[in-house]
Protein chains: 2
Amino acid sequence: MTATIIDGKAVAARIREELTAQVAAMKAEHGIVPGLATVLVGENPASHSYVSMKRKACAQTGIDSFPNELPADATQDEVEALVRRLNDDPKVHGILVQLPLPGHLNEERILSLVSLHKDVDGFHPVNIGRLAMKGREPLFIPCTPHGAIVLLEEAGAKFDGANAVVLGRSNIVGLPAALLLIHRNATVTVCHSRTKDLPGVCRQADILIAAVGRAEMVK
Amino acid sequence: MTATIIDGKAVAARIREELTAQVAAMKAEHGIVPGLATVLVGENPASHSYVSMKRKACAQTGIDSFPNELPADATQDEVEALVRRLNDDPKVHGILVQLPLPGHLNEERILSLVSLHKDVDGFHPVNIGRLAMKGREPLFIPCTPHGAIVLLEEAGAKFDGANAVVLGRSNIVGLPAALLLIHRNATVTVCHSRTKDLPGVCRQADILIAAVGRAEMVK
């Protein structure tokens, strides 16, 4: 079997081009410009970099972006008040609360507060529940696993009956990736740090999604 | 490896005994008798039998049960009105909508209508979402997979790092069973009718939960 490297940048460029046309059409036909609000708490450099990439993608496609930054010591009430304000703002159609939040904040309460219809990250428990259940459709799908599926489709992967191995079980990547693959009729194995013979399991995979934050976990 | 047959009836008898004492204590200390409402639509004999078993278990443990039966041609509005009435009834602490519902009814809407705090089947999308997510707790866990885990625990099964295979991916058994096993640190493989070499996958299982409605699917 020879390896194929998927040209992710080319796929992204094509998707952004399609999106730009759709955004322009929405503005021309309905006078509506989609708006994305970002919520960033604290000084995590990776989070700042992610948010800045998301805002850049908005600018490229004609989407309005509304950045919101709070200091690392923001209180639960302050973050919740901000989310409520964004829920009520008609110019804001999507809300991204950048994770991880500082440890003193209750992430579950904050994510559950995001309006189901603005939960573009798909992290509201109702969206995860719908993603998990057969015959239900989430309003939004978490972007990282969704992107992985799109790239696999681009590479011509066959999901039906394939052995798919997902390494990691995080709420934001591993778990939703496994759910997406189950719904595509793959036989899905969820592995993690406790898995026995990880290399052996991975070798049996037709599709392998690595979603652990540790380099060289599989040797 | 020798087989051990778990005495499920003995485990059930012990749990019912504990429950009976807890129900009596709640009545003595707080004057509250737990109440379970069942909703049965149509004439499915298996459904009637399940509901009757649940009511019998209530009677044995001192729980009030409130049976509700609607004809097979009940409308969506009629079923929804019944669920709303039960949500508002302070004597009803749990609501079981017996599945499957007749095909003309919108199951998703009816299950989403059950108050989160009375969703004793755990089928509300918020409860499934919380069950799926790491670090979240559902208010209720679907009973069949939960019972399977309890019986495995009784049999002394070790979950941590075990290879667990779940055969079936239904919303009510297979999917929640897989989620419960993932949270217990098992390496979980979800199999189904499209799985290649099902017997081979099953042979590698330390724990196998069969939850498909077809006899002899694994040969």
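Values below: every heavy atom of this structure, side chains too, minus hydrogens, waters and symmetry copies. So you know, we letter chains A, B, ... as the sequences are listed, proteins then strands, and number each from 1.
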Asks: For A/L179, which atoms come within 4.5 Å of any heavy atom of chain B: side chain, backbone, both, or neither?
Replies: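 Interface part for A/L179: side chain.
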
Asks: Looking only at heavy atoms, what is the nearest atom pair of B/T187 and A/C191, with distance?
Replies: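 What the structure gives for the nearest pair is CG2-SG, 4.0 Å.
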
Asks: A/G161 and B/K196: which non-hydrogen atoms are nearest, and at how many Å?
Replies: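 Distance-wise, the nearest heavy atoms are O-CE, 3.2 Å.
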
Asks: Using a cut-off of 6.0 Å, state whether more than 12 heavy atoms not belonging to A/Y50 lie near its atom OH.
Replies: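 Check fails, neighbour count at 12 or below.
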
Asks: Measuring heavy-atom distances to chain B, does A/L111 have an atom under 4.5 Å in its side chain, in its backbone, in both, or in neither?
Replies: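 Only the side chain of A/L111 comes within 4.5 Å of chain B.
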
Asks: Pick whichever of B/D160, B/V188, B/N127 has the most heavy-atom pairs under 4.5 Å with chain A.
Replies: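 Ranked by heavy-atom pairs under 4.5 Å with chain A, first place is B/V188.
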
Asks: Taking all non-hydrogen atoms of both residues into account, name the closest pair between B/R130 and A/P125 and its distance.
Replies: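 Closest pair (atom of B/R130, atom of A/P125, distance): CG-CB, 4.3 Å.
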
Asks: Is the backbone N or O of A/I182 less than 3.5 Å from a side-chain atom of B/H192, with the two atoms forming a donor-acceptor pair by type?
Replies: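 Looks like no, no N/O pair under 3.5 Å.
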
Asks: Name the member of A/N185, A/L175, A/T195, A/L181 that forms the most heavy-atom pairs with chain B at distances under 4.5 Å.
Replies: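 Of the options given, most contacts go to A/N185.
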
Asks: To the closest 0.5 Å, what do you measure between NE2 (B/H183) and CZ (A/R169)?
Replies: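 The NE2 atom of B/H183 sits 8.5 Å away from the CZ atom of A/R169.
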
Asks: Counting heavy-atom pairs under 4.5 Å with chain A, which one of B/I128, B/V166, B/I172, B/D197 comes out on top?
Replies: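 The answer is B/I128.
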
Asks: Contact part of B/L131 toward chain A, heavy-atom cut-off under 4.5 Å: side chain, backbone, both or neither?
Replies: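 Contact with chain A is absent: no heavy atom of B/L131 under 4.5 Å.
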
Asks: Minimum heavy-atom separation for B/N171 and A/R136, please, with both atom names.
Replies: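 In terms of heavy atoms, the two residues are closest at ND2-NH2, 4.3 Å.
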
Asks: Under a 4.5 Å cut-off applied to non-hydrogen side-chain atoms, are A/Q204 and B/V201 in contact?
Replies: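 A side-chain contact under 4.5 Å is absent here.
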
Asks: So does B/H93 have more than 12 non-hydrogen atoms from other groups sitting under 6.0 Å from NE2?
Replies: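 Yes.
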
Asks: Tell me, for B/A186 versus chain A, whether the close heavy atoms (under 4.5 Å) come from the side chain, the backbone, both or neither.
Replies: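 The backbone, not the side chain.
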
